[in-house]
Amino acid sequence: MSNKTITILDSTLRDGAQGEGISFSVQDKLHIVEALDNLGVAFIEAGNPGSNPKDLEFFQQAEKLKLKTAKLAAFGATRRKGIAAAEDINLRSLLAAETETVVIFGKAWDFQVTEILRATLEENIAMIRDTAAFLRAEGRTVIFDSEHFFDGWFANPDYTRQTLQAAIEGGASALVLCDTKGGTMPLPLLEAVREIRKEFGNIVGIHTHDDTGLAAANSLMAVEGGASHVQGTFIGFGERTGNANLSTIIADLELKMGYKCLPDGKLTELTPTAQRIAEIANLNLFEGMPYVGRNAFAHKAGMHIDAVTKNADAYEHVPPESVGNARVFLMSEVAGRSMIIEKIRKFKPEITKDDPLAAEIVARVKEMEHAGYQFEGADGSFELLVRKTIGKYQPFFKLHYYRMVEEPPTEANPISSIAQLKIEVDGLIEITAGEGDGPVHALDTALRKALERFYPAVGTIQLTDFKVRVLDSKSATAAKVRVLIESTDGTHQWTTVGVSPDVIHASWIALVDSFEYKLIKDVEKRYQMYL
Ligand SMILES: [Zn+2]
């Protein structure tokens, strides 16, 4: 291994599971393992099978996954005080996970040993040595997580050094220095890592927490100081303020520092992997997250957009494609005309900057934003607005009426909404009704039924997300509601928006946009020569 290779250990399933609101089923865990293996991290740390039956079941199922790159590692403490390693139930259960690699954590800070563990300093050293030796004798590769390493090192370096020495004597093949409380500053951390690297060789790892907002910086510092193994959670969640964010660190190491963390060509999977893990964890990926967030390559102010469309280097530190992300232009009242022109060119390649149509669209966007619309992220509705202004739009149906009946759901009848509607297509009338748990669901069902006869393609549309925001909450009775609907047809995704004082009407506008967007795209595909 070249010294420019960094071993990545992901602890999303173990440290990450300590995060507020995180709870993984066995199935969730298996999906995360698949996502991380596909990306190509070296190790996936996955808890202790002895701690609960769910973890044991996980290890049994995980064995069937046939991982391509990643190795699973079970995680547990050193043996308890006063007994032999072979007698420790927790250690035996670590073996039951049948992973080639086992991560054990032991105390490196004398204060923790005497005050928390209430063991003698000698006993703690023996616990570390015995545990590593026991696992080695059972054929396991042992990674030693040195808990509270930095606190120990700054308080009593001699003792901390002895704990590492004990792990090595027991047969550990990596010493991972943990900033367990997350309070260490980068420069003292760098000095400490350098020292350990010098004394123990190329077997040093780093595990940081983000309590001072420095987990990523500290991880990079450690690599600078000679660490070749980095631990963290993939999108940074974990107890308190979270763990070192691996999606940030991997990109920094590969793109900025010339290290290799993933197999060739895999860095472009970084953003999809982050999105997938957020989805499994049922979290919204923080939009401002470096490299992988939705806004990581978003441009808003008019002048920026003007410059970026001329030359991306002007405002982007790396190309978004390098990490599998995409450039996004956010609409706003200050939106530059050049960005809108760029979008219009998709339908009208010959349009110029001074075309009066461009000015008309800019004015229309401003007017609608004033009324409460927001086209940031509502690409579907924005495209329809452009098409309507430049005359590349035809309505697909005419609405005569829709009616809603709302009932409080009961246990016997969980259906709370019924929608009834009448539409017309080419002089033909269709009247349908639909039920749903909520007005959008009911309207969707009814509209889909009505349109399917004329446009079978609507059957492929699925609503994947639905957000309601109350605008102008100061005057609650006059408040408007903005509804965002996310849809997919299995291949493409689009988002549409509706605004109205009435939530059902706002939903209707967004829903109609969603269906029309899909139909217009299908027509476009069929008449590509014309468009
Ligand atoms: Zn930790």
Side-chain angles (χ1 to χ4, degrees), residues 6-24 29 32 36 41-48 51 55 72-78 90 94 99 101-109 111-113 116-117 128 131 142-154 160 163-164 167 172 174-186 189 192-193 196 204-223 227-250 277 281 283:
I6 302 294
T7 303
I8 298 291
L9 182 144
D10 182 284
S11 186
T12 300
L13 298 182
R14 202 269 304 169
D15 248 10
Q18 306 296 316
E20 161 98 40
I22 302 289
S23 162
F24 295 129
K29 288 184 170 198
I32 288 180
L36 290 169
V41 304
F43 291 106
I44 300 168
E45 189 179 78
N48 183 345
S51 63
D55 274 7
L72 277 182
F75 174 89
T78 49
N90 272 321
L94 279 180
T99 57
T101 302
V102 175
V103 180
I104 52 165
F105 69 97
K107 297 206 182 296
W109 185 9
F111 164 78
Q112 279 266 337
V113 177
I116 309 295
L117 191 61
I128 294 170
T131 305
V142 177
I143 294 174
F144 180 65
D145 273 12
S146 172
E147 198 189 3
H148 292 287
F149 167 83
F150 292 96
D151 301 292
W153 182 256
F154 301 131
T160 299
T163 60
L164 297 182
L175 300 174
V176 181
L177 314 180
C178 301
D179 189 21
T180 310
K181 293 195 294 181
T184 307
M185 290 286 114
L189 177 138
V193 173
I196 300 301
V204 179
I206 184 75
H207 176 116
T208 61
H209 282 255
D210 205 30
D211 297 76
T212 50
L214 292 166
N218 278 342
S219 304
L220 301 180
M221 271 301 193
V223 170
S228 56
H229 167 122
V230 176
Q231 301 190 349
T233 61
F234 200 73
I235 48 177
F237 56 75
E239 62 185 325
R240 307 189 307 275
T241 55
N243 283 61
N245 185 326
L246 284 179
S247 64
T248 304
I249 293 168
I250 290 172
I277 288 175
L283 293 172

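Read the numbers this way: they start at 1 and go in the same order the structure lists the ligands and their atoms. Quick caveat: nothing in here was measured; it's all calculated off a predicted structure.
- In summary, the side chains of D145 and Q231 do present a donor paired with an acceptor at a separation below 3.5 Å, with no hydrogens or angles considered.
- Around the Zn ion (ligand 1), the protein atoms of type N, O or S found under 2.8 Å away are D15 OD2, H207 NE2, H209 NE2, listed by chain and number.
- Note that the CG atom of D151 and the OG1 atom of T160 stand 9.0 Å from one another [nearest 0.5 Å].
- Side-chain contact annotation: T184 with D179, donor-acceptor N/O pair under 3.5 Å present.
- Checked for salt-bridge contact, R240 and D211 meet the test: a charged N lies under 4.0 Å from a carboxylate O.
- Ring geometry, F149 versus W153: the interplanar angle falls under 30°, so the pair is classed parallel (tilted spans 30 to 60°).
- With sequence neighbours excluded, the residues forming a ring-ring contact (aromatic ring centres under 6.0 Å, His included) with F111 are W109, listed by chain and number.
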